[in-house]
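Here's the structure we're looking at; comments come further down.
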Amino acid sequence: MNPAELNYQVVGTSDHNQKRNNMEPTKKWRQFMVGIIVNLSAAAVGTCLGWTAPVNPKLNDASLKDSPLDAVPTVDEASWIGSLVALGAVIGPLIGGPMANVVGRKWTLLFSSLLFAVPYATLIFAKTVLVICIARFIQGLGVGFVMCVVPMYMGEISSDEVRGAMGSFMQLFIVTGILYVYCVGPYVSYVALQWACLAIPVAFAVGFFFMPESPAYYIQKGNRESAVNSLVFLRGKSKEGVQDEMSIIQTSVEEALKNKGSVLDVFQNKACLKALIISGGLVSFQQLSGINAVLFYSTDIFIKASGGSGGGMDPSVSTILVGAVMVLSSGTTPLIVDRLGRKIILLFSAVGMAISLFFLGLFFLLDHNKAEIVSSISWLPVVSLIVFVFVYCVGFGSLPWAVLGEMFSPEVKSNASSIVATTCWILGFLVTKYFSALDEALGTHWSFWIFAIFCVVAFFFVTTIMFETKGLTLQQIQDRLNGI
């Protein structure tokens, strides 16, 4: 069926059907149901990001009573175990993005469940560091798939009135997955933890199998009948009731396909280049804040803190508190971002992260120097990290991706998003890979102070380079980028 025939069908809708279009209410709960099920894949991402926090103490226990290995991993081996997820996530979008356009968003995401399930099954029987590293790398591919395709799918199934709320689901489910592994990991065996993590991608695959493909993908492939059926399911309306929205989707998809830009356009166009600097800068500082080091090594950090002070809160409980704060703070951003604006929240986030990291580093400096005051401030690392993850999740955790969605015009958004996502995970890999080495070479205090310095630089970056997008239409944002 060609576009002319598609347009003819939409234009030929009767007056009776047009009235029915306006009268039929949208059943929003259906979109939220689909959004929750698809974001179980984001919860699987969270389990991968938080996995090393409860597992590292098991692998590093000299008694090896709950370790699958026959020796404690070296510092270098431990850094590879922690960082290979980020390295896999660099490559994942390069495969997942094109695959989503060929076989569809649904089947690409269903395939991604294998990239979580198979590694977790492998980790149950792993006996060497090499096997663990291979499993972690494959999980990273799954992380890249999900973080590339889920926002695409969510944007294409959501109606205008719920798109903002639906768009906030991914970050919320990622940190929920992190909290899940934080809560389960310390209190079960190594093998039981792998089974607990395996349950999430299996539940996602079973549930999502019965959910629809996005209408936009069907239109992209010229299958209007399937697109209508998908939209009928998502909106809870009749076929006549979705014709107006179907026409809008069709026009939007065809326009995007006709004007699709190349990778070079991202760098050659003035507005695109400025948008790339802003978006790339925000995700770079997101990673240079040290968030992945905090997530991957949080239990280790608290063990050091409690061990150095001779007391303090149980490290596993401290880590669970951090995860709980991440979930609560991630739910705050959607409530305040359209009231306060992106820029002010990012500035608050940068300042809060810098201050909390400074005090975290100060505690470890005092501990390193065996200061007497350490025993009376054993609460400081817990408070510092809780403040850090709160201000991170409110600002730099989610808003760089929201800004990314606003900054680029539709014809280059796909290519630009891939560039920004790749930049994000390259830096994420470098931070997690070399955090342990930095910690050994300079001391834990300087590791956190370096992250604090990057947060100060981030504050000035947002102040001088970024402009506020609150209340601006997408066209007005493009005008600002072009200097109009």
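Residue numbers start at 1 and run along the sequence shown. Since this is a predicted model, take the numbers as computed values, not measurements.
Annotation: side chain of T432 is not in contact with side chain of S79 (no heavy-atom distance under 4.5 Å). Side-chain atoms of I134 and L130, non-hydrogen and from C-beta on, do get closer than 4.5 Å to each other. The shortest side-chain heavy-atom distance between I320 and Y187 falls under the 4.5 Å cut-off. Residues I174 and M147 have side chains in contact (heavy-atom distance under 4.5 Å, counting atoms from C-beta outward). Residues Y218 and R224 have side chains not in contact (no heavy-atom distance under 4.5 Å, counting atoms from C-beta outward).
Residue L288 holds its CG atom at 10.0 Å from CE of M353, rounded to the nearest 0.5 Å. Taking CD from Q31 and CH2 from W29, the interatomic distance works out to 11.0 Å, rounded to the nearest 0.5 Å. Distance check: L276 CG to L481 CG gives 11.0 Å after rounding to the nearest 0.5 Å. Put simply, OG on S214 and CG on L231 are 10.5 Å apart, with the number rounded to the nearest 0.5 Å. Taking CD from Q286 and CD1 from I291, the interatomic distance works out to 8.5 Å, rounded to the nearest 0.5 Å. Atom SG of residue C393 and atom CG of residue L172 lie 10.0 Å apart, to the nearest 0.5 angstrom.
The nearest pair of heavy atoms linking S289 to L357 is O-CD1, 3.6 Å. Minimum interatomic distance between V394 and I345 (heavy atoms only, all atoms of both residues): O-CG2, 3.6 Å. Taking each heavy atom of A126 and I132 in turn, the nearest pair found is CB-CG1, 3.9 Å. Scanning both residues, G50 and P54, for their nearest heavy atoms gives O-CD, 3.1 Å.
Atom CZ of F348 has 12 or fewer heavy atoms from other residues, nucleotides or ligands within 6.0 Å. Open room surrounds CZ on F460; 12 or fewer heavy atoms of other groups in view lie less than 6.0 Å from it. The environment of CG in L328 is crowded: more than 12 heavy-atom neighbours from other residues, nucleotides or ligands sit within 6.0 Å.
Remark: the backbone N or O of V283 is not paired with any side-chain donor or acceptor of Q287 at under 3.5 angstrom. With hydrogens and angles ignored, the 3.5 Å screen pairs a side-chain donor or acceptor of R136 with a backbone N or O of C48. Side chain of K343 to backbone of T463: a donor-acceptor contact under 3.5 angstrom is found. At least one donor-acceptor pair under 3.5 Å links the side chain of S329 to the backbone N or O of M326. Of the possible donor and acceptor atoms, one in the side chain of S349 sits under 3.5 Å from a partner among the backbone N and O of F396. The backbone N or O of M407 lies less than 3.5 Å from a partner atom in the side chain of Q478, making a donor-acceptor pair.
Test L399, L346, V420 against L282 for side-chain contact (heavy atoms from CB on, under 4.5 Å) and you get one pass: L346. Results of the side-chain contact (heavy atoms from CB on, under 4.5 Å) test with I91 over F145, W425, F137 single out F137 as the only residue that passes.
Applying the salt bridge (Lys or Arg N to Asp or Glu O under 4.0 Å) rule to R30 yields no partners; only residues at least two apart in sequence or on another chain are considered. Partners of F461 under the ring pair (Phe, Tyr, Trp, His ring centres under 6.0 Å) rule, at least two apart in sequence or in another chain, are F285.
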Atom pairs and distances, side-chain donor-acceptor, residues 106-119, under 3.5 Å, sequence neighbours left out:
unit_1 : atom_1 : unit_2 : atom_2 : d
K106   : NZ     : F209   : O      : 2.8
K106   : NZ     : M211   : O      : 2.7
T108   : OG1    : M99    : O      : 3.4
T108   : OG1    : A100   : N      : 3.4
T108   : OG1    : G104   : O      : 2.7
S112   : OG     : L109   : O      : 2.5
S113   : OG     : L110   : O      : 2.5

Can you list, pair by pair, the side-chain donor-acceptor contacts under 3.5 Å of residues 189-208, counting residues two or more places apart and other chains?
unit_1 : atom_1 : unit_2 : atom_2 : d
S189   : OG     : A192   : N      : 3.1
Y190   : OH     : L123   : O      : 3.0
Q194   : OE1    : W51    : NE1    : 2.9
Q194   : NE2    : Y190   : O      : 2.9

Per-pair distances, 0.1 Å, donor-acceptor, side chain in residues 36-44, under 3.5 Å, sequence neighbours excluded:
unit_1 : atom_1 : unit_2 : atom_2 : d
N39    : ND2    : G35    : O      : 2.8
S41    : OG     : V38    : O      : 2.6

Original post:
Yes or no on side chain to side chain contact (heavy atoms under 4.5 Å, CB included) for F451 and F388, after CA distance, side-chain angles and deciding distance?
Top reply: CA-CA 11 Å; F451 293 142; F388 173 80; over 6 Å; no

**OP:** Decide side chain to side chain contact (heavy atoms under 4.5 Å, CB included) for L385 and S356; before the verdict, give the C-alpha distance in whole Å, the side-chain angles of both, and the deciding distance to 0.1 Å.
**Re:** CA-CA 7 Å; L385 276 189; S356 57; over 6 Å; no

**OP:** Could you give me the CA-CA distance, side-chain angles and deciding distance for R342 and M466, then say whether side chain to side chain contact (heavy atoms under 4.5 Å, CB included) is met?
**Re:** CA-CA 10 Å; R342 287 75 163 145; M466 182 186 168; 3.7 Å; yes

**OP:** Determine, step by step, whether V45 and L49 satisfy the side chain to side chain contact (heavy atoms under 4.5 Å, CB included) criterion, reporting the C-alpha distance in whole Å, the side-chain angles of both residues, the deciding distance to 0.1 Å, and the verdict.
**Re:** CA-CA 6 Å; V45 169; L49 297 180; 4.1 Å; yes

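Pairs passing the salt bridge (charged side-chain N to carboxylate O under 4.0 Å, His left out) check and including a residue from residues 177-205, sequence neighbours excluded, do not occur.
In summary, the side chains of Y217 and S230 do not present any donor paired with an acceptor at a separation below 3.5 Å, with no hydrogens or angles considered.
With Y153 as the aromatic partner, R105 does not meet the cation-pi criteria of under 6.0 angstrom to the ring centre and within 45 degrees of the ring axis.
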